[in-house]
Amino acid sequence: MMGTPLIEAKNVSRRFSRKLDYAEKIARAFGANLSEKTVHAVDEVNLAVHSGEVVGLVGESGCGKSTLGRVMAGIMPASGGEVRWKGRELAGLKGPDKRQARLAAQMIFQDPMSTLNPRKRVIDIIGEAPLVHGLVTRPALRDYVADLAQRVGLDPSYLDRYPHQFSGGQRQRIGIARALAVKPELIVCDESVAALDVSIQAQILNLFMDLRKEFGLTYLFISHDLGVVKHICDRVVVMYLGRIVETGTPDELFSNPKHPYTRALIRELPSISDRRRDFTPVKGEIPSPLHPPSGCHFHPRCPHAFARCQQERPLLQETGPGQASACHLNDEPSPAARTGTFSTVS
Ligand code: SF4
């Protein structure tokens, strides 16, 4: 895609440090080999999202996708690199520009109950932010919120109820209306349908797509479930242990995945047509981000790993139109590697 992205992560890293507790400090004073631990949740990631796009960000739990989503939504600072909103560095924005960018990127989370104030009525939950930011006057608030409620499929006569009086799907609709209330351009959905029943999931996904058309929204759709993103995204980005390992259109990525990790994830997808029940899980456990493997983080689990994989980080490189992957096999393809006859690094 050409033109300035709506939002762009450039070499973005996010680290979390865990300081030593009191007992550990004493142990260190007596000679124990203890030091502060650092988790590299996001490791020099580049990701551009253009206006109107729906980008799916997928990977196993703990791969850093939610952290990257929070950093791009502006609710968590990056430890390194920069996030650009319409070409301007987010961290450098001041005054009304900063406020505007902050409102224009909203986030919807997995568990609406934990993000909705149980003591507030729905009208106040949805109406608070637009009122505070002067997007609506108090006399016009009820009509404003009722209109939003209707657009997300909530009965406007329920506006004076509390969150616990709604079902899970309805609470998610309240969360969506709250995000829409400040007229966002980008919505970051963090596992927003993961906690819902399958039939409700489909309704909420359809709602997201209807709202995309109605309001011209852009989505960064974070999910551990490739099956969900396959049908709604224009582009899919696969993350593993803080890094992007593959990106492409759903058609390309699902029919011709280039990265061994993507292939393993796709093999896990249940298939109704062949009634397959013996899914092949990605072999091994995701390594601790406290001690990520050297070189390619995926090498301890990769059936094609060879010596270079332990030493050198593979960079994302184009493998076809609109598709890129980060794997040394892009430079050193061999039939043996492709068919998995390389010995696995132990
Ligand atoms: Fe990583 Fe090497 Fe496997 Fe490619 S072949 S995914 S670089 S371990």
Side-chain angles (χ1 to χ4, degrees), residues 9 11-15 39-47 55-65 67-68 81 222-227 229-230 235-269 279-346:
N11 290 321
V12 161
S13 296
R14 174 67 210 194
R15 296 178 288 274
V39 174
H40 293 259
V42 177
D43 187 9
E44 294 180 8
V45 162
N46 290 296
L47 175 61
V55 174
L57 189 56
V58 298
E60 289 166 288
S61 109
C63 71
K65 56 191 188 303
T67 304
L68 178 60
I222 299 167
S223 177
H224 68 282
D225 187 346
L226 272 172
V229 301
K230 181 178 182 181
R235 191 152 55 91
V236 181
V237 175
V238 184
M239 268 187 93
Y240 185 77
L241 222 60
R243 297 174 178 172
I244 291 175
V245 296
E246 184 156 12
T247 170
T249 62
D251 282 351
E252 276 298 320
L253 204 103
F254 282 86
S255 63
N256 190 16
K258 296 287 192 309
H259 196 281
Y261 178 62
T262 314
R263 281 188 225 144
L265 277 185
I266 288 171
R267 273 203 306 272
E268 275 193 77
L269 278 178
F279 313 135
T280 315
V282 183
K283 214 174 92 188
E285 298 259 312
I286 189 165
S288 164
L290 279 171
H291 308 287
S294 60
C296 172
H297 286 344
F298 190 55
H299 82 250
R301 302 169 83 185
C302 180
H304 310 298
F306 52 105
R308 185 179 170 199
C309 305
Q310 287 178 305
Q311 293 146 14
E312 198 184 314
R313 173 179 179 166
L315 299 177
L316 210 55
Q317 54 180 290
E318 207 168 303
T319 52
Q323 195 171 8
S325 83
C327 175
H328 291 314
L329 293 177
N330 293 331
D331 307 324
E332 304 182 29
S334 89
R338 294 281 183 207
T339 53
T341 50
F342 268 106
S343 59
T344 306
V345 175
S346 57

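Remember, it's 1-based here, ligands and their atoms both numbered in the order they're listed. Starting from 1, each residue takes its place in the sequence as its number. Excluded from the calculations below are hydrogen atoms, water molecules and symmetry mates; all remaining heavy atoms, backbone and side chain alike, are included.
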For R243, what residues pass the side-chain hydrogen bond (donor to acceptor under 3.5 Å, both in side chains) criterion, not counting sequence neighbours?
D43, H297
Can you list the residues that meet the side-chain hydrogen bond (donor to acceptor under 3.5 Å, both in side chains) rule with E44, with sequence neighbours excluded?
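side-chain hydrogen bond (donor to acceptor under 3.5 Å, both in side chains) check on E44 returns nothing, list empty.
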Number of protein N/O/S atoms that sit closer than 2.8 Å to atom 3 (Fe) of ligand 1:
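Every protein N, O or S atom under 2.8 Å from atom 3 (Fe) of ligand 1 counted, the figure is 1.
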side-chain hydrogen bond (donor to acceptor under 3.5 Å, both in side chains) partner of Y240, chosen from H259, E246, R301, K65
R301
C327 SG to K258 NZ distance, which is reported to the nearest 0.5 Å:
11.5 Å
If you measure from CD on Q311 to OG on S294, what distance do you get to the nearest 0.5 Å?
8.0 Å
Under the side-chain contact (heavy atoms from CB on, under 4.5 Å) test, residues paired with E312 that sit two or more places apart:
R308, H328
